[in-house]
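Here is the structure we will look at, set down as C-alpha cells.
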Amino acid sequence: MPDPVGSTRHDCPAPLRVLTPHLRITTTKLPGTAVIVRLDGEADQEDRCRLDNALSRALQDRPPRLVIDLADQTFCYSVCLNALLVARLDAKAAGVEMVLAAPPPQTMRLLEVTGTDEVFTVRSSVRTALAGAREIG
C-alpha cells in the first residue's frame with residue numbers, strides 16, 4: 001500500500017564515507033498532541049534523504065501538530081530549507097499543523113531572506129510551539 005503522506009520518502013544510498021553524521025535527528029511522540037522532530041547539527045546534501053524520511057515518518061500517523069525543534073541546529077543549508085518546505089506541504093495535505101521551534105539566528109535570517117518566514121509558523125521554543133496544541137482522544 002502506498003505511503004498516504006510522505007511523498008518524499010526515499011531509499012537512502014549508503015554513505016560514501018564513514019563519518020559521524022552532520023545531522024542528528026531525534027523524534028519524540030506526544031500521543032494525541034504532537035510529534036517533535038529535533039535537528040541537531042547541520043543538514044547538507046548527504047543528510048537530505050534521512051531528513052526527508054524522518055519528516056515523512058513523523059507525519060505518517062497524522063499527529064495534530066508537528067514541531068520541528070531547531071534549537072541545536074548549527075547551520076541550515078538550502079537542502080534543509082527545501083526539506084522543511086516539502087514537509088510543510090505534506091503536513092498541510094495531511095491536516096497537520098507544522099511549527100518551527102527555536103530557530104537559531106542564521107536559520108531565522110535564511111527564512112527572512114527567502115521570504116519563507118511568511119509561510120512557516122515560527123515559535124521561540126518547543127514549549128511555545130506546543131502551547132495551545134489541540135489534544136485528541
Side-chain angles (χ1 to χ4, degrees):
M1 182 162 86
D3 189 7
V5 178
S7 59
T8 59
R9 182 167 282 181
H10 303 282
D11 290 326
C12 297
L16 298 175
R17 52 199 157 136
V18 179
L19 294 174
T20 303
H22 294 275
L23 181 69
R24 190 171 82 202
I25 304 168
T26 308
T27 302
T28 304
K29 293 182 181 185
L30 304 176
T33 303
V35 171
I36 302 167
V37 177
R38 180 179 173 153
L39 307 181
D40 294 315
E42 53 186 71
D44 63 20
Q45 188 61 41
E46 291 179 12
D47 302 301
R48 175 67 190 259
C49 185
R50 288 186 321 107
L51 180 55
D52 284 340
N53 286 341
L55 294 171
S56 179
R57 281 190 308 273
L59 289 168
Q60 204 164 28
D61 294 332
R62 290 181 166 77
R65 185 171 289 180
L66 172 60
V67 177
I68 311 300
D69 180 0
L70 302 171
D72 290 319
Q73 183 182 48
T74 57
F75 198 80
C76 183
Y77 293 92
S78 61
V79 166
C80 180
L81 179 58
N82 286 326
L84 294 173
L85 286 165
V86 169
R88 179 187 161 274
L89 293 175
D90 288 346
K92 187 174 182 178
V96 175
E97 179 184 14
M98 183 172 145
V99 181
L100 303 183
Q106 181 275 329
T107 302
M108 198 62 223
R109 179 74 177 132
L110 177 65
L111 296 174
E112 291 166 353
V113 167
T114 59
T116 54
D117 62 323
E118 299 293 323
V119 299
F120 286 113
T121 300
V122 181
R123 297 290 179 258
S124 62
S125 68
V126 170
R127 176 175 278 175
T128 59
L130 292 172
R134 60 184 193 255
E135 289 195 27
I136 59 171

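- Considering only heavy atoms from C-beta on, Arg50 comes within 4.5 Å of Leu23 through its side chain.
- Of all the heavy atoms in Leu66 and Ala58, the pair that sits closest is CD1-CB, 3.7 Å.
- Rounding to the nearest 0.5 Å places CG of Leu55 at 8.0 Å from OG1 of Thr27.
- Distance check, rounded to the nearest 0.5 Å: CZ of Arg38 to CD1 of Ile68 gives 13.0 Å.
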- [ ] Applying side chain to side chain contact (heavy atoms under 4.5 Å, CB included), run through Leu111 and Leu81 and close with a yes or a no.
- [x] CA-CA 8 Å; Leu111 296 174; Leu81 179 58; 3.8 Å; yes
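- Looking at heavy atoms from C-beta onward, Asp47 lies out of side-chain contact with Ile25 at the 4.5 angstrom threshold.
- Asp52 approaches Ala83 most closely through the heavy-atom pair OD1-CB, 3.5 Å.
- In this structure, Leu84 and Met98 have side chains that are in contact, with non-hydrogen atoms separated by less than 4.5 Å.
- Side-chain contact check for Ile36 versus Leu130: some heavy-atom pair is nearer than 4.5 Å.
- In terms of heavy atoms, Asp61 sits closest to Lys29 at OD2-NZ, 3.5 Å.
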- [ ] Take Val99 and Arg65 through the side chain to side chain contact (heavy atoms under 4.5 Å, CB included) test and state the conclusion after the steps.
- [x] CA-CA 7 Å; Val99 181; Arg65 185 171 289 180; 4.0 Å; yes
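- Nearest heavy atom pair, residue Met108 against residue Val122, reads SD-CG1, 4.1 Å.
- In this structure, the separation between CG on Asp40 and CZ on Arg24 is 4.5 Å, given to the nearest 0.5 Å.
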- [ ] For the pair Asp90 and Ser56, evaluate side chain to side chain contact (heavy atoms under 4.5 Å, CB included) and give the outcome as yes or no after the intermediate values.
- [x] CA-CA 8 Å; Asp90 288 346; Ser56 179; 5.6 Å; no
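- Distance check: Asp117 CG to Glu112 CD gives 5.5 Å after rounding to the nearest 0.5 Å.
- Between Thr116 and Arg88, every side-chain heavy-atom pair lies at or beyond the 4.5 Å cut-off.
- Put simply, the side chain of Asp44 gets close to the backbone of Glu46: a donor and an acceptor are under 3.5 Å apart.
- Under a hydrophobic clustering in which Ile, Leu, Val, Met, Phe, Trp and Tyr are joined whenever their side-chain heavy atoms come within less than 4.5 Å, directly or via other members, Val67 and Leu30 fall into the same cluster.
- Residues Phe75 and Phe120 do not share a hydrophobic cluster, clusters being chains of Ile/Leu/Val/Met/Phe/Trp/Tyr side chains in contact below 4.5 Å.
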Open item on the list: Between Leu85 and Asn82, does the side chain to side chain contact (heavy atoms under 4.5 Å, CB included) criterion hold? Intermediate values first, please.
Closed with: CA-CA 5 Å; Leu85 286 165; Asn82 286 326; 4.2 Å; yes
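- Annotation for Cys80 and Leu39: closest pair SG-CD1, 4.3 Å, computed over non-hydrogen atoms.
- In this structure, the separation between OG on Ser78 and CZ on Arg48 is 9.0 Å, given to the nearest 0.5 Å.
- Looking only at side-chain heavy atoms (C-beta outward), Thr33 and Pro64 stay at 4.5 Å or farther from each other.
- Note on Val79 and Val119: separate hydrophobic clusters, where clusters join Ile, Leu, Val, Met, Phe, Trp and Tyr whose side-chain heavy atoms are under 4.5 Å apart, directly or indirectly.
- Side-chain atoms of Gln73 and Thr107 include a donor-acceptor pair closer than 3.5 Å.
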